[in-house]
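One structure is given below, encoded as structure tokens.
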Amino acid sequence: NEAPDGRPTVYVSLGSSGRVSLLSRIVVVLDELQVNVLVSTAGRMSVSSLPDRVWCADYLPGDKAVERSTLVICNGGSPAVYQALNEGVQVLGLPTNMDQYLNMRYVEKAGAGLWLRSDRATKEAIRRAVRTLLSGETYQQNAGRLGRELRNYNAVARFGELLNQWTE
């Protein structure tokens with residue numbers, strides 16, 4: 001998804017458990033790469049001055065931000081990752097918790113994104129990962145495939161089937 005100016009848009013949301021100290025580092029790197037950036041801080045930090053292509057708010061409607069994005073950078077947790085993948089958008093995860101590491105391990109294995117340990121996410125590591133994700137179509141295509149699978153999976157019906165099997 002490109003903005004009207006032809007640049008990709010990156011949505012950044014580290015949620016309630018991501019390392020908020022990474023936000024300024026991420027914004028600097030994305031500004032250097034000249035992409036459009038949507039940042040949701042979850043009310044965890046205030047931002048005084050931002051580059052021209054960066055829009056920041058305490059909270060953004062994640063589904064709408066993802067729809068406009070080519071890449072989502074998040075903490076690697078299930079809510080943000082599934083929101084991105086459901087729309088077929090690739091993910092860069094910066095996990096801090098074990099469940100986030102495990103989740104991103106499978107996203108990477110499926111070829112729909114990459115992850116960096118949040119405590120090792122230097123500017124150069126973030127830059128390399130973002131360039132890798134934005135430079136080709138493979139990750140985006142794999143995210144699109146997963147998105148189609150997620151949209152076709154009826155979890156409510158499947159859960160009902162499982163409950164019926166257990167009660168028979």
Side-chain angles (χ1 to χ4, degrees), residues 1-20 22-23 26-27 29-31 33-44 50-51 53-97 99-116 118 121 126-159:
N1 297 336
E2 289 186 352
D5 64 6
R7 299 174 193 270
T9 298
V10 178
Y11 173 45
V12 181
S13 178
L14 299 180
S16 61
S17 66
R19 289 185 60 186
V20 73
L22 291 174
L23 276 177
I26 293 166
V27 167
V29 168
L30 295 175
D31 183 49
L33 295 173
Q34 300 185 350
V35 298
N36 296 311
V37 185
L38 301 171
V39 179
S40 177
T41 67
R44 297 177 61 211
L50 293 169
R53 288 180 307 279
V54 179
W55 296 270
C56 183
D58 285 344
Y59 299 98
L60 291 172
D63 57 340
K64 300 297 182 198
V66 169
E67 284 175 10
R68 300 176 190 275
S69 299
T70 304
L71 170 63
V72 169
I73 299 177
C74 64
N75 64 14
S78 297
V81 168
Y82 280 102
Q83 193 170 51
L85 293 178
N86 191 60
E87 292 300 322
V89 176
Q90 59 197 339
V91 179
L92 172 58
L94 305 170
T96 57
N97 300 326
D99 64 310
Q100 297 163 349
Y101 284 105
L102 293 171
N103 193 45
M104 284 309 302
R105 182 172 152 223
Y106 288 105
V107 170
E108 187 171 79
K109 186 176 181 180
L114 298 171
W115 65 276
L116 299 169
S118 61
I126 294 168
R127 184 179 298 107
R128 237 184 349 264
V130 169
R131 279 187 176 149
T132 297
L133 290 165
L134 294 180
S135 67
E137 294 182 8
T138 303
Y139 290 98
Q140 193 67 51
Q141 288 171 345
N142 289 333
R145 178 183 46 77
L146 287 175
R148 288 186 296 279
E149 289 177 22
L150 287 169
R151 289 187 300 275
N152 289 325
Y153 188 84
N154 188 336
V156 174
R158 181 71 182 121
F159 184 68

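Since the model is a prediction, treat every value here as computed from it, not as a measurement.
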Candidates Ile26, Val107, Val72, Leu116 - the one meeting side chain to side chain contact (heavy atoms under 4.5 Å, CB included) with Leu92
Leu116
Do Asp31 and Val37 have side chains that get closer than 4.5 Å, going by heavy atoms?
no
If we only count heavy atoms from C-beta on, is the Ser13 to Leu60 side-chain gap below 4.5 Å?
no
Does CZ in Arg151 sit with more than 12 non-hydrogen atoms of other residues, nucleotides or ligands closer than 6.0 Å?
yes
Decide yes or no on side chain to side chain contact (heavy atoms under 4.5 Å, CB included) for Val130 and Ile73, but give the supporting numbers first.
CA-CA 9 Å; Val130 169; Ile73 299 177; 4.1 Å; yes
Calculate, to the nearest 0.5 Å, the distance between atoms OG1 and CZ belonging to Thr70 and Arg7 respectively.
13.0 Å
Assess the residue pair Trp55 and Asn36 against the criterion (side chain to side chain contact (heavy atoms under 4.5 Å, CB included)); give the C-alpha distance rounded to whole Å, side-chain angles, the decisive distance to 0.1 Å, and a yes or no.
CA-CA 8 Å; Trp55 296 270; Asn36 296 311; 3.9 Å; yes
What is the distance from atom CG of Leu146 to atom OH of Tyr153, rounded to the nearest 0.5 Å?
14.0 Å
Flag the pair Leu134 / Leu33 as yes when at least one side-chain heavy-atom distance between them is below 4.5 Å, and no otherwise.
no
With sequence neighbours left out, the residues meeting side-chain contact (heavy atoms from CB on, under 4.5 Å) with Asp99 are Asn97
Got a sec, which pairs hit side chain to side chain donor-acceptor pair (under 3.5 Å) with one end in residues 82-92, sequence neighbours left out?
Gln90-Gln140
CG of Leu114 to OH of Tyr139, rounded to nearest 0.5 Å, is 4.0 Å
Atom of Trp115, atom of Arg105 and distance for their closest heavy-atom approach:
NE1-CA, 4.1 Å
Between Leu85 and Ala112, which heavy-atom pair has the shortest distance, and what is it?
CD2-CB, 3.8 Å
Once rounded to the nearest 0.5 Å, what's the spacing between atom CG of Asn75 and atom CD of Gln100?
4.0 Å
Which residue pairs satisfy the salt bridge (Lys or Arg N to Asp or Glu O under 4.0 Å) criterion with at least one member in residues 131-145, sequence neighbours excluded?
Arg145-Glu149
I need the Thr9 OG1 to Arg53 CZ distance, nearest 0.5 Å.
11.0 Å
For Val91 against Ala84, the heavy-atom pair lying closest together
CG2-CB, 3.6 Å
For the student: nearest non-hydrogen atoms of Leu94 and Ala121, plus distance:
CD2-CB, 4.1 Å
Heavy-atom pair of closest approach, residues Leu133 and Gly113
CD2-CA, 4.0 Å
Contact between Leu22 and Ser118 at the side-chain level, heavy atoms closer than 4.5 Å - yes or no?
yes
Gap between atom OH of Tyr11 and atom OG of Ser40 - 0.5 Å precision:
4.5 Å
